[in-house]
Structures are given as structure tokens and as C-alpha cells.
Number of protein chains: 2
Amino acid sequence: MKRKITLKQIAKELDVSISTVSKSLRNSLEIGEETRLKVQAFAKFYNYKPNNIALSLKNRKTKSIGIIIPEIVHYFFSTVINGIEQVANENGYSVVICLSDDSFDKEVLNMEMLANGSIDGFIMSLSKETQFKGDFHHITEVINQGMPVVMFDRVTNDILCDKVIIDDKAAAYEAVQSLIDNGRKKIALVTTVDYVSVGKLRTDGYEKALLDNGIPFNEDLIIKIEDVDTCEITISQLLHDRAFDAVFAVNELFAVTIIKTASKMGLKVPEDLAVIAFTDGIISKYSTPSITTVSQSGEKMGNKAAKMLIERLEAEHDDDEEENENYTTEVIETHLIKRESTD
Amino acid sequence: MKRKITLKQIAKELDVSISTVSKSLRNSLEIGEETRLKVQAFAKFYNYKPNNIALSLKNRKTKSIGIIIPEIVHYFFSTVINGIEQVANENGYSVVICLSDDSFDKEVLNMEMLANGSIDGFIMSLSKETQFKGDFHHITEVINQGMPVVMFDRVTNDILCDKVIIDDKAAAYEAVQSLIDNGRKKIALVTTVDYVSVGKLRTDGYEKALLDNGIPFNEDLIIKIEDVDTCEITISQLLHDRAFDAVFAVNELFAVTIIKTASKMGLKVPEDLAVIAFTDGIISKYSTPSITTVSQSGEKMGNKAAKMLIERLEAEHDDDEEENENYTTEVIETHLIKRESTD
DNA sequence: TTTCAACACTACCACGTTTTCGTAAACCAA
DNA sequence: TTGGTTTACGAAAACGTGGTAGTGTTGAAA
């Protein structure tokens, strides 16, 4: 149980000053070769590594970035983390992750916890509750303190900062258009409640695709689901009435639930019902039939977000107080992955 | 762009000493009421929060725990993180996550990066490569420095530390036994290569269940898969020969691949082929047919691991150098979740 | 008037590092 | 010897915090 060795201990042991040790280890020319090598050998032997905390305090840089997301047991978010971690790691940064559980309070608490020096910048996706409340003071506060924030996926226009998103509206449009191209006329939209920004945008794209193709927009075909487990009744009722022959679901969980419900009722996918889902995840790939999806590469989003954040962090370092806040919003391209659930 | 305020700045502004400010904020009786309230009001106005880095340096406690896992886009691991984060958060700890990508070098690098003061303790699951090499010096080193380590799932006997595992052998035994109870005789085992500790244990349980029931153990029925994407040929060949009527897969990805392959060949699950998988994940739940699984609650493992680590961290603090290293290994119970893939 | 406690606050140290500045000794030139 | 330069190192400040010890003033008891 030998604690990590410090400069001070080395100095004491070799009977030199702390500065001498520090300089020797950084190969300063100020120190004579004999002393320098002696110190280096000693340090190597005791496996000296500078203490990160002390360095952080001194440099006012922690070399770690905070991630705040609603949940982690979630294919999309975990791919984003993966993407962030990759470029973070390449650049010598660690990632510290906090989960908001889609709760506003937890989001605020976590941000405050991390904002007091623990990290250099944030990458975050808003919790549902935050989007619902529209209260972003915790984020503006952090930004005002000079801490860069990059938002992804679930963003808001009320905050000025770097953002990484996909063109939800265009992607939804493309998906619905492809259903129409296959001759579908009664296309349902299965979505979440409106305050989640992406849900709204996808709805917009859905509507536009319909109207552009001369298909009337029918409110009854928009099914808003708050809880996956209780939605089966609604869906089976609509299926029973043959109210629709295609469905665009805003996530793959909804899609697979619909397919299962349809199968139970003897309907065939894609013959009787075509299905497209947003978010290309593991379920879509392995479900039977496998599901056609709009892929939103979480990994790419993570890569991009991390790059943007780190760039800003390093730039800040250079020209200190330049305040050139030209925030950008990166749009990650999506594409349709055709599988068995559509023809 | 106002930087966070510090004790020093408050002191200067109010023309008192730093100590006075510090004590006022901690409600020390040493400070007169007038000054105390004045300082507190000022601090509140400027939203003073102590700097975590400075506190960490002073207290030699970072209040954060490091997690090292092979991958994060992985249902089981993400549930474990979720579990860890829950109790970490409850106890005022942050989690910093590093991914080894199943690479030994990255595992070592990440550990070294975090071990230099960034965290108070580790929770980790070994990378495949590390298990293969059997080289654990990076872990022993960390432990020798007095930093507690809790391992979960992919553990090793070569390291003395707290561990959280499931009884892989017993769980596998139970699964196979249930297949036998349903009249299955030719039970295949689809597993990974041996050096992953859990793979080995599950194989042992499989074998024991067979032998206990007087069923000969047949090497040919053990299918070792290294790459999921290329295994279909092997499986379809064996299925074609009707070599087995039930299969126990060590993860759900293998299971769903087998089911898909069987379905393509016109075999019915579970009538012609019963399937049980290890790891109760999202795929098993939503695949068609849904898959009977051995649930290993990642969340519980995470909870337990975090509890063990934090307990050790707080204990350490009290009796400094007591060195009472009574390491324990917690076994999380599993249970069979019966779904449509078995009868 | 002296003494002593209570009060209200300040000084100082430590945590581990880097860096700026300072200085003693040694060397060289005049 | 004197003055100046180089060599080789040390002292100290700074980052922000919190605890212990110390200090000066005041009022009251002896």
C-alpha cells in the first residue's frame, strides 16, 4: 500500500528542491545533466506521474468533458456516447456522464455538480421535462460562466450554442415519401407527445410529405403515445378498422410493437402494413421482419459534438478573451435503410 | 462572461480575509453575525459554489468513480452503468466512463489516465484481450496504491478485490435443465471463445446439466462463434442435419440469429427448436418469437458494485490505515424469464 | 488598575504542480 | 582584484479551499 509519489517526496529523498525535480522531469536546460538524470531515474523507478487534480487546479483545465443525457439504456444515446468517447480519448479527454432520467431537477442538479470546476465543457441532450417546461436558465448560466456547451438531438432554439442535429423534418419527409412511392395512401404517424422537439419536427415532415403528394392530412391518423406498454389497444383498434396501410413510427420501439400487434391480428407486414421507423437500432435489425429505418448515426453525432467542443476548448485557451462566438449548428445526414418491413 | 467567483474575490470585495469568508459561509460561530450575513448575502448574490477541484486537492477525495468497460453500445453494460450511476448519484459521486473496446492497451491506458488522482476508485469489467493475455499488472498496481477496485461480470481469480458476479454456471445449468424438462434431448450450446471467463463458466453449467440427466456430452454440439456475422453457415448446416432440437445461446444476439436462420429453413420455434439465451435484453423481449432468457440484472449488479465501492471509500476515510482487506464476492441471483421461444 | 475571558477576525499551512524570479558559486576577461 | 556572465539550483507565488492557531480589542471581574 504505497501511495503515489509526489514531487515533494522525490525532492526530499534526493535532497534537492521541488522546483529542481519538476524541471528535471520536464527536461529543462536549467538543470545540470547529472542531477537531471538522477531525478529522472528516481522518478521512473517510483513510477512518478503528475497528479491530475493538481494540474487541473493549476491550469484551470480538467481535460474532461461532461455529458448529460436523459438515459443510457438506450441504443441511440449509447452510440452517441461511444462517438464522443472516441474523439475525446484521441484528444486526451475523459468523459464524465450524468443521467437526467428525463427529469428537469436531475438535469439541473447534475449540471451544477459538474459546473463547479469538474469539467471543461458540456455535451448534452435535453430531458423531456426540460423541454416541456422550457426553462433553460441552468444552461444559460453555465454558458455565461464561459463554459462551452454543445447540444445534440434534443435541442432548443432558446439557447445560443453549438448544436448537432439531424434534419428530422427532411428525414421524416423522405421516409413518408418512400411509403407513398410504394403506393401507400393511408399512412399513420405514431409519435410521442409534442413537447419533445424532435417529435414535433418529425410530425412536420410527415405532414408536408402527405400534402405535397395531394394526400389529405388526417388528424385521426396521428397516434400520440406516452407509454409504450399501454398503446396496444389503440393500435389494434385502428388496425382492426383498417384505418391505415402504412405506418411511420418515430422510434423503433413503437414500430416493433405495432408489427407485433398486427401479426397477432393476422395482418402481414409489409403486404398489409408497411412500417418505417426512426432511429436505426438493434431492434430494427433483429426483429422479424426486420424494420426499414431512418438511420441517424449516433456515433457521427457524438464524433461531431466532441470535435466541436474540443475545438472550442482549445481555441479558448489560445486567445483568451476574444469572445468570437460564432455558434454553428451541424446537420448530420440521414438515410433510409430498407429492410423487410417495407416493399 | 463572468467567471465563477472565488473566496478570494469575495474577500477582496468585502474587504475581509479569505478565512472570514470561508468561515462565514460555513456558519462558524467565530464570525460576528453582521459580517456573517453580509458575506452570505454577497455569496448568494454571486452564486458562489466551492470549486470542486480545489476541494479534491485538499481532501484527497474526488467524489467520482471510474468505470471501465469493454463497450457501451451493449444492453447489459449500459444497464450496469445505469445501476452504478443511481447509487453514485445518491451518494454525491459522479461517474467517469472509459471504454476499453475490448483492447488490453486501451484498458491499461485508461486506467493509468484515471488513476492519477482523477477518481477515488474503479468499477470495471475486463476486456476480452486482457482476459486472453491474463496480464493484470495494471490492476494490481492500482490496488497497491490503495485505490479500491470492484470488478463485475468479467472478473478474474488472479486479482484480490471485491467482485460482483452472477452464478453463471448455476444459471446455465438451470436453463439447460428447463430444456431437458421439456423433453429436449439434443441441446446445442452456442458460445464464444473460451478465454472470456463467463463463456467458460456457462459451458461448465451446460455440461453438468447434461451429465446429471444422463445425456451424453457431445463436443460437436458446442458451437464457438467469434464473429456473429459469419456464423450463419455453421448454424444452418447443423440445423439442416437436425443435429439438435434445442439451443442454449450465451447471448441474445446468437439466439436471435439462430432463430432467424431456423425460420428461413422453415423450422418452427419452439416446436422444432427451443431457444434459451443468456442476458435478458431488448432483443429478446421484442424479437419474434420473443426469447426465453436467463436474466442477469445489470442494474442490480451496478447498484451492488457501486455500493461496495462507496462503502469501502467511506470506510477508508475513517480508519485511515487499517488494512482490513476482507474482500467479498457478491453473487446476484438470476432467474429464467419464459417467453415464446420455449414451450 | 490589573487580569482574563470573550469576541471577531487574520495568518498561516497544506494539498501537488508549474513557473518566474532570484542568487550563490564558478568562470572569464580586464 | 574587480566586474560581468554563465551555470545550477532554490524560494516563492499561484491555482482555491478549509482548518488550526494566533492576535488584537473590548468589557468585566478581581
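All chains are named by letter (A, B, ...) in the order of the sequence lines, taking the proteins before the strands, and each is independently numbered beginning at 1.
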For this session: Using atom types as modelled and distance alone, determine if a side-chain donor or acceptor of B:N116 lies under 3.5 Å from a backbone N or O of B:S118.
Result: no
Exercise. Can you list, by residue number, the residues of residues 108-115 of chain B that have a non-hydrogen atom closer than 4.0 angstrom to DNA chain C?
Worked result: none
Seminar exercise, completed: Sorted by chain and number, sequence neighbours left out, side chain to side chain contact (heavy atoms under 4.5 Å, CB included) with A:I165 holds for A:V155, A:T329, A:V331
For this session: Write out all pairs satisfying ring-ring contact (aromatic ring centres under 6.0 Å, His included) with one or both partners inside residues 78-127 of chain B, taking only residues at least two apart or from two chains.
Result: B:F104-B:H138
For this session: List for me each residue that meets salt bridge (Lys or Arg N to Asp or Glu O under 4.0 Å) alongside B:D162, sequence neighbours excluded, and say none if there are none.
Result: B:R312
For this session: Do nucleotides 11-18 of chain D as a string where each nucleotide becomes B, S or -: B if the base has a protein heavy atom under 4.0 Å, S if just the sugar-phosphate does, - if no protein is that close.
Result: BB-BBBBB
Exercise. Would you call the rings of B:F76 and B:H74 parallel, tilted or perpendicular if under 30° counts as parallel and over 60° as perpendicular?
Worked result: perpendicular
Problem set entry | CD on A:Q40 to OG on A:S24, rounded to 0.5 Å | 7.0 Å
Seminar exercise, completed: So, with a heavy-atom separation below 4.0 Å from DNA chain D, the residues of residues 30-44 of chain A are A:E30, A:I31, A:G32, A:T35
Exercise. Who are the side chain to side chain contact (heavy atoms under 4.5 Å, CB included) partners of B:S64, not counting sequence neighbours?
Worked result: B:T62, B:S94, B:V96, B:I119
Problem set entry | DNA chain C: 5'-most and 3'-most nucleotides touching chain A, 4.0 angstrom heavy-atom criterion | C:dC15 to C:dC21
For this session: Verify the distance criterion only: is there a donor paired with an acceptor across the side chains of A:N91 and A:E314 at less than 3.5 Å?
Result: no
Exercise. What residues, two or more places apart in sequence or in another chain, satisfy side chain to side chain contact (heavy atoms under 4.5 Å, CB included) together with B:E34?
Worked result: none
For this session: Give a yes or no answer on whether the side chain of B:N110 reaches the backbone of B:K106 with a donor-acceptor pair at less than 3.5 Å.
Result: yes
Problem set entry | Pair B:D153-B:S125, side-chain donor/acceptor within less than 3.5 Å | no
Exercise. Quick one: do B:K133 and B:D105 make a salt bridge, cutoff under 4.0 Å?
Worked result: no
Problem set entry | Flag side-chain contact, heavy atom, 4.5 Å: A:L14 against A:V21 | no
Seminar exercise, completed: Students should find that the end-to-end axis angle of the helix from C:dT1-D:dA30 to C:dA30-D:dT1, with five pairs defining each axis and rounding to 10 degrees, is 90°
Problem set entry | By salt bridge (Lys or Arg N to Asp or Glu O under 4.0 Å) - contacts of B:K4 (at least two apart) | none
Problem set entry | Listed partners of A:Y46 passing side chain to side chain contact (heavy atoms under 4.5 Å, CB included), at least two apart | A:I5, A:F42
